Chemist: 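Sending over a structure as structure tokens; questions will come in a sec.
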Protein chains: 2
Amino acid sequence: MKEGPQISIIASLIGDPARANMLTALMDGRALTASELAAVAGITKQTASTHLAKLSTGNLLVREVQGRHHYFRLKDEKIAHVLETLMSFAEHNTQGRVRVGPKDPALRKARICYDHLAGEQGVFLYDALLKNQWLYNDKDTINLTSKGQGIFEIFGIDIETLNKNRRPICRTCLDWSMRRHHLAGGFGAILSGLFDKKWIYRDKTTRIIHFNPRGETQFKKWLT
Amino acid sequence: MKEGPQISIIASLIGDPARANMLTALMDGRALTASELAAVAGITKQTASTHLAKLSTGNLLVREVQGRHHYFRLKDEKIAHVLETLMSFAEHNTQGRVRVGPKDPALRKARICYDHLAGEQGVFLYDALLKNQWLYNDKDTINLTSKGQGIFEIFGIDIETLNKNRRPICRTCLDWSMRRHHLAGGFGAILSGLFDKKWIYRDKTTRIIHFNPRGETQFKKWLT
DNA sequence: TTCATAGTTCGAGCTTAACCGTACCATCGC
DNA sequence: GCGATGGTACGGTTAAGCTCGAACTATGAA
């Protein structure tokens, strides 16, 4: 009776097509300017401005002002998780044939999800890290092993960032396309490492992550 | 660009306060009549009827006609999962003080979530079943051990129902209040067993599950 | 200073949809 | 058969909110 309206406020914020387009565009964790968001939503800047104000006061987005540019970003990974859940549901709920995942095979293979790797490769990464006992799964939080600590250091990933705020951050979330867990939270730092090593690169317009041929073999090699 | 509207359709269905109240009222997995749902939403039957039609065509609800009564139920546990995710987010997202779970301590202790036990007791159940090796966690699906099979039979739970459609059903979902996994899917049959044994009973108006004093001790005893 | 760009605010138009009153249909009990 | 109850269909009203044009502010460049 009282939590109904609670969720309806959030849902109605996502329920507008223009706002939904903006939010999905921000799903990759990047910050976009108001004009860019207006473009992806197909509306004028004035309209976009009011939408962005609503999303900000609704605590779905945060605004960061740099000079005359206003950058907007998803507030945290919690809202990203909500959006992924909705996407997953919408995907399976479409009338007609049922699909088990995103249409685009590339999206299913590897994509960015807020700040971490998702898709088949994300699940592979998660499994491999556990298998090699670099991480261990205590109940439902994930922690570094001493063995893993050494490996990550060699790999050039800052252990500090992994450990910094590892409390709410060592969370696993269900993968959209594979219905399996992949690595979320602070361990997204691994993603930066992959970029730095140029094993992967981002698609400019979508959430797809491409592996360089050499990068992929080295990625597999690293994890076996 | 194209999945934005996809999720906005779902979200706008949940985004109406009256509909959100209906959906949360159905979160316990029971089927309610149109009149009952009109009452919980605080609207007339006519208005409720149009809402329910929209929710049904949107594949969020299923309608079951029995005589002159129309019963409505959540379509599947996927939509229940979406609603739980939204509730969790709304709870943590409220302005002012942050709360880690439902306001009501009873709700946090034990509540019904679609067709299974959630809350502290749900997490306890999940942990205990794994610890006793009645279930085992293979990757992210949960299966019965031979040991567990015997125990459940003694306990009077139909193994068939547990096994029937165990594919998409052995799913774990994040608990709303505890941020831990509890048992979902087909193993909700365990819940029926608890009811049959009269260890637990339901609150009439809320999702709260109460333990009978004797039931609680026997529950603990069973799981140790 | 002057101009251009990025963004917000205000006001007005317009569409959508939630809501209820009335009327209508189906089922159950008598 | 009849009345009572549960539910839907339709029409009109009202309110909300999405949208954009125009005006205004702030930053940056010439």
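As the structure is a prediction and not an experimental result, all values here were calculated from the model.
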Chemist: Starting the side chain at C-beta, find the nucleotide from C:dG7, C:dA18, C:dT27 nearest to B:D16.
Modeler: C:dA18
Chemist: Verify the contact: side-chain N or O of B:H70 to OP1 or OP2 of D:dG6, cut-off strictly under 4.0 Å; return yes or no.
Modeler: no
Chemist: What is the distance, rounded to the nearest whole Å, between atom CD1 of A:I43 and atom P of C:dT8?
Modeler: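 Distance, rounded to whole Å: 12 Å.
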Chemist: Which whole-number value in Å describes the distance from A:E64 CD to C:dG7 P?
Modeler: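 It is 13 Å, rounded to the nearest whole Å.
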Chemist: Measure CG/A:L37 against C1'/D:dT19 and give the value in whole Å, please.
Modeler: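 Between C1' of D:dT19 and CG of A:L37: 17 Å.
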Chemist: What is the distance, rounded to the nearest whole Å, between atom CG of A:L13 and atom P of D:dA16?
Modeler: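 Going from CG in A:L13 over to P in D:dA16 covers 16 Å.
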Chemist: Does a side-chain N or O of B:R19 approach OP1 or OP2 of C:dA18 to a distance below 4.0 Å, or not?
Modeler: yes
Chemist: Should B:K54 be listed as having a side-chain N or O under 4.0 Å from OP1 or OP2 of C:dA17?
Modeler: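 Result: no.
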Chemist: Just the rounded figure in Å: distance from P of D:dG6 to CZ of B:F72.
Modeler: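 The distance from CZ of B:F72 to P of D:dG6 comes to 15 Å, rounded to the nearest Å.
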Chemist: Begin with the C-alpha distance, continue with both residues' side-chain angles, and end with the deciding distance and a verdict on side-chain contact (heavy atoms from CB on, under 4.5 Å) for B:E64 and B:Q66.
Modeler: CA-CA 6 Å; B:E64 205 170 323; B:Q66 283 183 18; 3.9 Å; yes
Chemist: Just by distance, with hydrogens left out, do B:Q218 and B:W199 show a side-chain donor and acceptor under 3.5 Å apart?
Modeler: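 Short answer, yes.
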Chemist: Quick check: does any side chain N or O of A:T33 sit under 3.5 Å from a backbone N or O of A:E36, one acting as donor and the other as acceptor?
Modeler: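 Between the backbone of A:E36 and the side chain of A:T33 there is a qualifying donor-acceptor contact (under 3.5 Å).
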Chemist: Contacts to DNA chain C from residues 44-53 of chain B, heavy-atom cutoff under 4.0 Å, which residues?
Modeler: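 Those residues whose heavy atoms fall under 4.0 Å from DNA chain C, taken from residues 44-53 of chain B in numerical order, are B:T44, B:Q46, B:T47, B:H51.
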Chemist: Determine: side-chain N/O of A:R63 to OP1/OP2 of C:dT8, distance under 4.0 Å, yes or no.
Modeler: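 For A:R63, the contact criterion (side-chain N or O under 4.0 Å from OP1 or OP2 of C:dT8) is met.
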Chemist: Looking only at atom types and distance, does a side-chain atom of A:S49 sit under 3.5 Å from a main-chain N or O of A:K45, one as donor and one as acceptor?
Modeler: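 Judged by distance alone, no pair lies under 3.5 Å.
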Chemist: Could you work out, with side-chain contact (heavy atoms from CB on, under 4.5 Å) as the rule, every residue matching B:Q46, not counting sequence neighbours?
Modeler: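 Scan of B:Q46 (side-chain contact (heavy atoms from CB on, under 4.5 Å), adjacent residues dropped) gives B:T44.
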Chemist: What's the NE2-P distance between A:H69 and D:dT25, to the nearest Å?
Modeler: 21 Å
Chemist: Calculate the interatomic distance between B:R68 atom CZ and D:dG6 atom P; express it in whole Å.
Modeler: 6 Å
